[in-house]
There are 2 protein chains.
Amino acid sequence: MVVQRNTWQRERVREALADARGFVSAQSLHATLRDENTGIGLATVYRALAGLAAQGDADSLQSPEGESLYRACATRGHHHHLICRSCGLAVEIEATDVEQWARATAAANGFIEAEHVVDIFGLCASCAAARASERDAD
Amino acid sequence: MVVQRNTWQRERVREALADARGFVSAQSLHATLRDENTGIGLATVYRALAGLAAQGDADSLQSPEGESLYRACATRGHHHHLICRSCGLAVEIEATDVEQWARATAAANGFIEAEHVVDIFGLCASCAAARASERDAD
DNA sequence: CGTCAAGTTGAGAACGATTATCAGTACCGC
DNA sequence: GCGGTACTGATAATCGTTCTCAACTTGACG
């Protein structure tokens, strides 16, 4: 049974995702690959990303604007992110305390099969500096 | 300057939101109001919800499926939720520790203007029980 | 290397949620 | 009641994502 084939498209998506410093949307990833030369299809990018996410090679989350963002993460397994809302830069963070708190809170209220969403959005140092100098320029 | 007018539509949306035990989507809220009799428009529901959320009378969050969900919350000000992914029931929770952790983590990584998303999704006791008896029935 | 079955691809259609448009309406202060 | 203006609602438009399906690749087998 051939479960999955290797195609250059999937490989390119994986590379592009790895090249991106932080979280990127499927749309912008597609745009990037489009620019490079490849006539890769949007649907293929979505499929590849969904596949990567499914097998744990990528993390996905919803931006506050409702887009799905993806990232190739160094840390496999459960972890959270500190994300720059300007450039998308993401820092992987552990939150052992929060995990416990989440589990305890869920249990205390009779909830089972609890999953939690814990992410921090802000401006990274670079973007903060960039914005500060923009302000100065005004 | 008339800033905002009172219309029965906005009031109905507020009521319907209050009647719902937990988070509901704009779509289902519109469906509910539609059933009641009112020929209220979908756009109006969206506008009312956005308004309520803007003035702090309602909380909004994105479901894992990408829909925007709204809820009339008893607690004004910053708080988080424990949400049943089956019936939408939501429990308001305080997470002082998590707030601090979020702030500290952001600061430690040079991030400013940090906001955090902290929500727990699970199955509430009722839904868990309901599902258990369904299982038995099979 | 050629063949073949089945997984993949890509263009575009389809879809669902949300937002914008705009003429008609209802609210509010006078 | 009047007038101005914010609001409404039907519909179109937008945007991200998924589906469809014919054409194409890949990989196993000989």
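Below, read A as the first sequence line, B as the second, and so on, with proteins coming before strands; counting in each chain starts at 1.
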Send over the distance from Q62(A) CD to dC15(D) P, rounded to a whole Å. 18 Å
Remember a base hit wins even if backbone is also touched, and classify Q9(A) as base, sugar-phosphate or nothing at under 4.0 Å, heavy atoms. sugar-phosphate
Rounding to an integer number of Å, can you tell me how far Q4(B) CD sits from dC27(C) P? 14 Å
Whole angstroms only, please: what is the CD-P distance between Q27(A) and dT14(D)? 15 Å
At 4.0 Å (heavy atoms only), tell me whether R10(B) reaches a base, stays on the sugar-phosphate, or touches nothing. sugar-phosphate
Length of the line joining I40(A):CD1 and dG12(C):P, which is rounded to integer Å: 16 Å
Does any part of the side chain of Q4(A), heavy atoms only, come nearer than 4.5 Å to the side chain of Q55(A), both counted from C-beta? yes
Would you kindly give the CG-to-P distance between L42(B) and dT21(C), to the nearest whole Å? 17 Å
Starting at CZ of R12(B) and ending at P of dG9(D), how long is that distance when rounded to a whole Å? 11 Å
Tell me whether E94(A) at atom CD has more than 12 heavy atoms from other residues, nucleotides or ligands lying less than 6.0 Å away. no
Heavy atoms under 4.0 Å, any strand shown: does G39(A) hit a base, just sugar-phosphate, or nothing? sugar-phosphate
Once you measure the plane-to-plane angle for H116(B) and H80(B), does it fall in the parallel (<30°), tilted (30-60°) or perpendicular (>60°) bin? tilted
